[in-house]
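Since the structure comes first, as structure tokens, the remarks are kept for the end.
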Amino acid sequence: QVPLVESGGGLVQAGGSVRLSCAASGQSLNRYTMGWFRQAPGKEREFVAAIKWAGGSTVYADSVKGRFTISRDNAKITLYLQMNSLKPEDTAVYYCAADTSILFGSRLSRPNEFAYWGQGTQVTVSS
């Protein structure tokens, strides 16, 4: 089990920034593929960004590319999602996800490829 806890959500104006964090109760996330997903009311959960198990390369959804940045801290204990130039359509509950598999390609964007999930944190962007 990997208990994940997100934090950092809230209400922000369009054009603003928010940084989300995801912690795994003090254990290193270095050996996990990590991802951020989001779910807006009435919509399916969608991929936002992922950082690969080995090497740390990153992948982004087209809708957030150039605005969001996924990263891990040096101790690999916390995962971050820096969100800039926020738009009202970014409003959603954001979830942190992890898996021990080495995911790549289209598997990185599929929620069912990730075994461990946080409880989610709400981000609301006002226009």
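Among pairs with a residue in residues 109-124, those fulfilling salt bridge (Lys or Arg N to Asp or Glu O under 4.0 Å) read Arg107-Glu113, Arg110-Glu113, at least two apart in sequence or across chains. For residues 114-124, no pair satisfies salt bridge (Lys or Arg N to Asp or Glu O under 4.0 Å), with sequence neighbours left out. Residue pairs meeting the ring pair (Phe, Tyr, Trp, His ring centres under 6.0 Å) criterion with at least one partner in residues 83-105, sequence neighbours excluded, do not occur; the list is empty.
Residues forming a side chain to side chain contact (heavy atoms under 4.5 Å, CB included) with Ala40 (at least two apart in sequence, or on another chain): Lys43, Ala92. Among residues two or more places apart in sequence or in another chain, the side-chain hydrogen bond (donor to acceptor under 3.5 Å, both in side chains) test is passed with Asn112 by none. The salt bridge (charged side-chain N to carboxylate O under 4.0 Å, His left out) search around Asp90 returns Arg38, Arg67, not counting sequence neighbours. Scored by the ring pair (Phe, Tyr, Trp, His ring centres under 6.0 Å) test, Phe114 finds Phe37 as partners (sequence neighbours excluded). With sequence neighbours left out, Arg31 forms a salt bridge (charged side-chain N to carboxylate O under 4.0 Å, His left out) with no residue at all. Checked against side-chain hydrogen bond (donor to acceptor under 3.5 Å, both in side chains), Ser101 has the following partners two or more places apart in sequence or in another chain: Asp99. Residues meeting the side-chain hydrogen bond (donor to acceptor under 3.5 Å, both in side chains) test with Thr124, sequence neighbours left out: Gln122.
Follow the hydrophobic side-chain contacts under 4.5 Å out from Tyr116 and you reach Leu81 in the same cluster. Both Leu86 and Tyr60 are members of a single hydrophobic cluster when ILVMFWY side chains are connected at heavy-atom separations under 4.5 Å.
Of the possible polar contacts, one joining the Trp36 side chain to the Tyr80 backbone as a donor-acceptor pair under 3.5 Å is found. Looking at Thr121, its side chain does come within 3.5 Å of a backbone N or O of Gly9 through a donor-acceptor pair. For Gln82 (side chain) and Thr69 (main-chain N/O), no donor-acceptor pair under 3.5 Å exists by modelled atom type.
Between Pro111 and Trp117, the shortest heavy-atom contact is O-CZ2, 3.3 Å. The shortest heavy-atom contact between Thr91 and Val125 is OG1-N, 2.8 Å. The minimum heavy-atom distance between Ile70 and Met34, with the atom names listed, is CD1-O, 4.1 Å.
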Distance-only donor-acceptor pairs under 3.5 Å for side chains of residues 10-24, two or more places apart:
residue, atom, partner, partner atom, Å
Ser17, OG, Asn84, OD1, 2.9

Worksheet item: Stepwise, does the side-chain contact (heavy atoms from CB on, under 4.5 Å) test hold for Leu79 with Arg72?
Response: CA-CA 5 Å; Leu79 179 75; Arg72 285 182 170 119; 4.1 Å; yes

Worksheet item: Should Lys52 and Val59 be marked as a side-chain contact (heavy atoms from CB on, under 4.5 Å) after you check the CA-CA gap, both sets of side-chain angles, and the distance that decides it?
Response: CA-CA 8 Å; Lys52 296 181 181 179; Val59 180; 4.0 Å; yes

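Using a 4.5 Å cut-off on side-chain heavy atoms (C-beta onward), Tyr32 and Ile51 make no contact.
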